[in-house]
Asks: 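Have a look at this one before I ask anything.
Positions are given from 1 along the sequence.
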Amino acid sequence: MNEEKFYSEQDQPSPFQKEMMWENIESEISANKNARILFHWKSFLIGNAAAILLIFSSIGVVSTYNNFFNRSSTEEQVYETLNTATKQLQHLTPLLIQQASEQNKNSIESTATAIAEIDKLINEIKSDMLINGSSPAKETSLKRLYATKLDFYKEILLNQEDQS
């Protein structure tokens, strides 16, 4: 295998020339180490502005997502609050029945029975809404049932007040 060299021995640098080249390279490298690093302010500012816009747009997307999917949960919170309030009133009813006079006791007991029937209807509509979905008619019926239930509790409390 005959190898032809592209460069001849005369084309190669001498040891002295190699030493001079490396000294020049070394001085250039050390000179660049001490050089001031240039900072491109325009790119920096554009990058920061883009980052701020990205943050604000992310906040907008998240808040839009939360508002879109939490619309139904607001209704659920209203119903949960109504349930909590009526449960507290429900614990009050037996005390009012015990304190009532004989003539008011039957009235309060029948109202308490009517409230129990309303509770059954409320639970029936809620389970139907879970299975078949919500509709404006179902929501209106549910709100009317809660209003009627609260009216009955008001009636119980006012009967107790009349007795005093």
Asks: Is there a side-chain contact between Glu109 and Lys105, using heavy atoms and a 4.5 Å cut-off?
Replies: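 A side-chain contact under 4.5 Å exists here.
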Asks: Would you give the length of the straight line joining atom CZ of Phe44 to atom CG of Asn48, rounded to the nearest 0.5 angstrom?
Replies: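 Going from CZ on Phe44 over to CG on Asn48, the span is 4.0 Å.
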Asks: I need the minimum non-hydrogen distance between Pro13 and Lys18, along with the two atoms involved.
Replies: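 Taking every non-hydrogen atom into account, O-CE, 3.8 Å.
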Asks: Do the side chain of Lys149 and the main chain of Arg144 share a donor and acceptor less than 3.5 angstrom apart?
Replies: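 A pair under 3.5 Å: no.
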Asks: Report the distance from atom CG of Leu121 to atom OH of Tyr146, rounding to the nearest 0.5 Å.
Replies: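 Those atoms lie 12.0 Å apart.
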Asks: Test your reading of the model: is there a side-chain donor-acceptor pair from Gln98 to the backbone of Leu95, 3.5 Å cut-off?
Replies: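 Not at all, since once roles are kept as given, no pair shorter than 3.5 Å links the two residues.
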Asks: Are the side chains of Ile46 and Lys42 in contact, using a 4.5 Å heavy-atom criterion?
Replies: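 Lys42 vs Ile46: side chains touch.
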Asks: Within a strict 4.5 Å, meaning less than it, do heavy atoms of the Lys138 and Asn132 side chains meet?
Replies: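 Touching, per the 4.5 Å side-chain cut-off.
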Asks: Would you sort out whether Leu142 and Met129 count as a side-chain contact (heavy atoms from CB on, under 4.5 Å), showing the intermediate values?
Replies: CA-CA 10 Å; Leu142 196 58; Met129 287 171 75; 4.0 Å; yes
Asks: What pairs with Phe56 under ring-ring contact (aromatic ring centres under 6.0 Å, His included), at least two apart in sequence or on another chain?
Replies: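 Phe56: no ring-ring contact (aromatic ring centres under 6.0 Å, His included) contacts found.
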Asks: Can you tell me how far apart CG (Leu150) and CD (Glu155) are? Round to the nearest 0.5 Å.
Replies: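 If I round to the nearest 0.5 Å, the distance is 13.0 Å.
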Asks: Hey, could you give me the OG/CD1 distance between Ser63 and Ile59, rounded to the nearest 0.5 Å?
Replies: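 So the OG of Ser63 and the CD1 of Ile59 are separated by 8.0 Å.
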Asks: Can you tell me how far OG of Ser134 sits from CG of Asp128, rounded to the nearest 0.5 angstrom?
Replies: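 Atom-to-atom, Asp128:CG and Ser134:OG are 9.5 Å apart.
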Asks: Work out which heavy atom in Leu145 is nearest to a heavy atom in Ile118; give both atom names and the distance.
Replies: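 Looks like O-CG2, 3.6 Å.
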Asks: If every non-hydrogen atom of Tyr153 is compared with every non-hydrogen atom of Ile115, which pair is closest and at what distance?
Replies: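 Reported closest heavy-atom pair: OH-CG2, 3.5 Å.
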Asks: Calculate, to the nearest 0.5 Å, the distance between atoms OG and CG belonging to Ser58 and Leu53 respectively.
Replies: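 Nearest 0.5 Å value for the OG-CG distance: 10.5 Å.
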Asks: Any chance you could lay out the side-chain contact (heavy atoms from CB on, under 4.5 Å) test for Met20 and Glu23, step after step, and finish with the verdict?
Replies: CA-CA 5 Å; Met20 291 301 291; Glu23 283 179 13; 4.1 Å; yes
